[in-house]
Every structure is written in structure tokens, then in C-alpha cells.
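Beneath this line is the structure, given in C-alpha cells, with notes to follow.
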2 protein chains.
Amino acid sequence: MDLFHALTDEERSRSRLDAKITALVLDDVDFVTGSTINELAERAGVSPPTITRFCRRLGCASFADFKVQLARMTYVGLRYLKPEMPTTTVSEVIDDIVAKAQDTLFSLHNQLDHDRLEDAARLLRGAGFIQAVGAGGNSSMIANEIQNRLFRLGCHVQSTNDKAMAVMLAAAATPDTVAIVSSMTGRDVELVRCLDLYRHHNVPTIALTQSGSPVSERASVVIPIDLPEGVNIYRPTSTRYAYLAVIDILANLVAYADRQKSLQYLRRIKEELVSNRDGDDRQLLGD
Amino acid sequence: MDLFHALTDEERSRSRLDAKITALVLDDVDFVTGSTINELAERAGVSPPTITRFCRRLGCASFADFKVQLARMTYVGLRYLKPEMPTTTVSEVIDDIVAKAQDTLFSLHNQLDHDRLEDAARLLRGAGFIQAVGAGGNSSMIANEIQNRLFRLGCHVQSTNDKAMAVMLAAAATPDTVAIVSSMTGRDVELVRCLDLYRHHNVPTIALTQSGSPVSERASVVIPIDLPEGVNIYRPTSTRYAYLAVIDILANLVAYADRQKSLQYLRRIKEELVSNRDGDDRQLLGD
DNA sequence: CATAATTATGTAATTAATTTTCCTTATCGG
DNA sequence: CCGATAAGGAAAATTAATTACATAATTATG
């Protein structure tokens, strides 16, 4: 993925033709990945050796290597080579949403802290009762998903989108309670108060939030999620996909900690659903 | 980009060597993308022309084309090349969840019907009132997200996770009402009844569901979402990511239909949130 | 079960693509 | 303006990939 940065790096001393090739590559990645060195050279108005040298300067072993690296980069990054491309037609919107979602998942993948996830999963699977707190549209969804994912594994969970409720929950917490909170900004003043209260009642807390934020500073275990938002105000925040993935990862880790138990609950739920439908048990759980 | 499916397709009649090459490719994508045809042929124990023919059978124009397509596919499909790989460690779970989510988004991208999305968006932006129905964990989330995305654009939406409620809503529908429903299986008996009722009251309906299902047969506009579920019962269904993306696309299309109006509502919401927080207005909307 | 038809595979020849070598032409700092 | 240095191109050399053709394996059919 360094190729992308090398290509967009203004610092890299660029001769006239180098800049020309760079522009061509960024402008039409698909052409470049599909072309021979001669085709590319012709279209760029340079000689083939210049292309080879260009690739070497970018850190690739050869033109073939360059093409492969470029292809590897494109799928996720494709749209992001031209970030300010306007989106209006249906296919542009589809590309935009899907690419940004994939890009977000990719960035998440690179930044996830394995140890913190392990810590969080350990807390969750040891909990007698789990309180999931998240408010305000996006984090509400996440809190609800925590409940939706974990109750299927036999966990006792209560989710709330109401911070006043969270305060009461914290006050009523038994010693085996664990709280898990979500805040995309990490700056929710009331949630910060909730976390202080949880700490006061010795309830361990897991926070899915921006690192360095007030919320992150108060949680027992922080799963930092720091993702750049695009400039497009119209586009729903793709950060939700990352949060959702973290929930899935945590739920999966909890499930694997005791496969027998998880399976038992998942099967029971499935049987109930199937008998309530048309008996087709190949369908997935929990529509 | 069917290459992934072509590679994993058991149907494709495989000769002994074909299977051998397939296995090698799936086993070490990185080696293959970086190797010459001779290196690959030697390692597979076949002759170079066999490799060329193998690539052609998979639908690629040449070995170079095959490498590029493979490289393009790798990140997303990486894990899915070895679907039965056990997931136990934290990094395996992370890879599994993230790759499956990306793969799901990718498949969705390939199957989305642009015209149906356009139709659905047109219905939504012309609606005086939108009713979003979805029940049972996953579809509940989707219905709620429809509300969450659309109210920000100035739409009047009510979401419900209660099918009895949906029946009443349908009965009380004004002539400018549009209903949008979600069902991952498309076999929810009560939802089918709801759709019949909506039809009876002349309320146009949009369904996000499996094609060919009872639900899909009763909706005015169907956005078919047909995705293979993995065999892993422990893993939360990745189909949710696809449904979420469809919501985002629809919301985006609605927003672009009247940018001025959308912007006005989005700004108002943002201002309110910022003044309720710490005044940092670079933060995203609707935590 | 034999045999024809078909398909798969390898070898060698051919073609295409890429890189290297060597030479020319810009560019930059005195 | 001159010399040094870097950039670029032409052509040769090399390497990679494909095609043509021959052979082996497999499958279908009587």
C-alpha cells in the first residue's frame, strides 16, 4: 500500500516525464494494470525504458511488479485516487458508498489492537451481566447490536440508548456487571459522566471510541477506532461499518471461548425461528 | 472479478493438474502474483502452456491478466481462499470478520440493480411519509437505520420493529405514504401479510430482501440482496453490511436529489450537536 | 470391454514483452 | 559558457509468454 503514497507524494523529485506518467497512472489505473509496457509508454509519450525506470523509482522491482502492486491497491483505493470526484449517478453513488465502506474496514483492520480486543472479550465472557450504552443514532445502533449479538450466545445483556438509564443501571450494577459503551466522537459529556459513575461503582468498562478522547480516558479497556471521515457531508458516515465489525469480532471471540454453550443457544434460537417460518432451515438466523 | 468464484467453484470440471494449480494459487496468492509463468509452472509441476490454458479457462485473457486480476482480488478475498481455515486466535477472527464483510460488500456491488435503486430512491424522495418495517434483530437494525439516515434529510419517517404496528400503520396510511421493508430471508409470514395490506391500501412498497422470496413477490420495488452465507454458525451474518450499504446508497440518492434542502437539515442537526458537546465542530454528525 | 472421440498435457518453436547497454540530449551550478 | 550530472531514447539482448504441433490420458459409445 506504500505505492499509493509514493505515487501521490509531492516530495518525490519529479522530472517532467515522471510527472506525466504519474498523472496518467492516477488517471486511469485500469488501463495501466491491463497494458503492456509499450502501450503505456506510447500513451504517455515516452520510451519503454523510461517506464521501467519510473517503476524502479517507485520502489518496484519491475514493471510487472508495479502492475501487480497497483492492482492490489486499486480495488479498495480506486475511488480514493480521485477523492473529489463528484457523485451523482446511481453507479457513482454505489461505488462511493461501497468503496468507502471497504476502505474503512481496511483501515480498521490495520489499526486494531489485538490485545485490547482480547481483554475486552475476556471481560465480556466473564460477565454475569452486560450493559451496553450508546446514544444518538449511530452509537444507538452499535449498543443495540451488542445486545443482538450477545444474547444469542447466552449472555445476559441489556442495551440502552438512554444515558439517564445508563446512570441508573450503573447504580444498580451487581459485582459481576461489565459495561460496554460506544461513542464515535468520544466527546459526549453525559456518557463521560456515566463512565465516571461506572468507575465509582467498580464496574469495568469497555469503550469503542476515538483514542485520546474524554470517553477513552475513562474506560477500563479502550478499543480505539480512529478513522478519517470524508469531506462529503451527504454521505452517511462509513465509520459505522468499522464499529459493526468490532462488535462482530468481539461477539465471535466470546462465542469461541465456549463453543458448546454458544452452539446450544444459537441452535435453540434457530429452531424457534424455523418453526415460525416455512420450515426451510437453510435460512440464516435472526431475520 | 468473477475470478474468485471461478477459482473456488467446485462445479468447474477440473482435471488433475487444474486442481493442483488451483490449490497452489489458493494456497499462496502472493507467490503467484509475484512469479513468472515458469516459476509457477515449475512449482506446480506442470508445463508453462498448462498455466496459460488454466488462466484462459478461468476467463482471463493471459497469464499477465490473471496475475493482475488475482492481485486485485487478494485483499478482499484473501481469507476466503481458504474458507475452512479455523478461526481461533484474535488475528484470525479479525481477518475472518473483516474479509467476510469486505467480500460481502464486493458481491453486493456486483449484483446491485441500478434501476431498482433509482426507482426506490424516487419513491422515497417523493414520499410525504415513510414507514420503515423490519423485525427480528438484523432487520430491526436496518429499519432503524432507514429512519436514522432519512430523518437527517428532512424526511418524515417512522420505523417500527413491530409487525402488528406495521399493520396499523398501513391501515392509517395517507395517499403519499411509502413503505420500505427489510427481511433477510424474505419468508417472514407476518411481513408478507403486511405487504398484502399495504398493497390493498395502495401504499407503494420497497423491499430489501432475497429475490424470489414471498416478500419480494409482493413489493412494488424490490432491491434483491442475494448473498451466500458462510458455513460458520458462530460468525454474525455479514449480510448486515450489505443491507447497511444499500440504506446508505438510498439515503445518499435521496440527499442528492435536493442538495440544498438536505444540507440545510444536516447543518441544523450538526449545530445542535456541537453546541451540546465541547464546541469542536470538526466532529462528525450524530454520534 | 474395446475403440473412437475428446480433452488434457508437454516439447519445441515462435512471438511478444521487458530490460540492459550504450549513446544523446537536457539541465544546473559555477 | 563549460563541465558535470541527470534524464531520456534507440537498439540489442534477454527473458517471458504463447502458439503449433505431437502425444498421452480420459471419456463416451457401440
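Source: prediction; values computed, not measured.
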- Message: D:dT26, OP1 or OP2 - any side-chain N/O from B:Ser15 closer than 4.0 Å?
- Response: no

- Assign each of B:Phe63 and A:Val46 to its nearest nucleotide of DNA chain D by heavy atoms, then name whichever residue's nucleotide is nearer the 5' end. A:Val46

- Item | Atom-to-atom span, NZ of A:Lys20 to C1' of D:dG8 - whole angstrom | 12 Å

- Task: Only counting residues at least two apart or in another chain, list the ones meeting side chain to side chain donor-acceptor pair (under 3.5 Å) with A:Ser211.
- Result: A:Asp226

- Please report the shortest heavy-atom distance between A:Tyr241 and A:Leu105, naming the atom on each side. O-CD2, 3.8 Å

- Query: Rounded to whole angstrom units, what separation is found between the CG atom of B:Leu17 and the P atom of C:dT7?
  - Reply: 17 Å

- Partners meeting side chain to side chain donor-acceptor pair (under 3.5 Å) with B:Tyr234 (sequence neighbours left out): none

- Task: Would you indicate what B:Thr36 reaches in the nucleic acid, counting non-hydrogen atoms under 4.0 angstrom: base, sugar-phosphate, or nothing?
- Result: sugar-phosphate

- Query: Rounded to the nearest Å, what distance is computed from the CZ atom of residue A:Phe54 to the P atom of nucleotide C:dT19?
  - Reply: 14 Å

- Task: Using whole Å, report how far CG of B:Leu40 lies from P of D:dT18.
- Result: 12 Å

- Pair listing, salt bridge (Lys or Arg N to Asp or Glu O under 4.0 Å) test, anchored in residues 238-262 of chain A, at least two apart: A:Arg240-B:Glu145, A:Arg240-B:Asp248, A:Asp248-B:Arg240

- Message: Under the rule for side chain to side chain donor-acceptor pair (under 3.5 Å), what residues qualify as partners of B:Ser213, not counting sequence neighbours?
- Response: none

- From the candidates D:dG8, C:dT19, C:dT11, the one with an atom nearest any side-chain atom of A:Pro48 is C:dT19

- Measure from CD1 on A:Ile21 to C1' on D:dG9 and round the result to the nearest Å. 13 Å

- side chain to side chain donor-acceptor pair (under 3.5 Å) filter on B:Ser107, not counting sequence neighbours, yields none

- Item | Nearest-angstrom distance from the residue atom CD of B:Glu42 to P of D:dA17 | 14 Å

- Decide whether a cation-pi geometry holds between A:Arg268 and A:Tyr265; the criteria are a distance under 6.0 Å from NZ or CZ to the six-membered ring centre and an angle within 45° of the ring axis. yes

- Message: Can you build the contact string for nucleotides 20-29 of chain C? Use B for base contact, S for sugar-phosphate-only contact, and - for no protein heavy atom under 4.0 Å.
- Response: B---------

- Message: Distance check needed: C:dT18 C1' versus B:Ile37 CD1, whole Å only.
- Response: 15 Å

- Report the distance from atom CG of A:Asp65 to atom C1' of C:dT19, rounded to the nearest whole Å. 14 Å

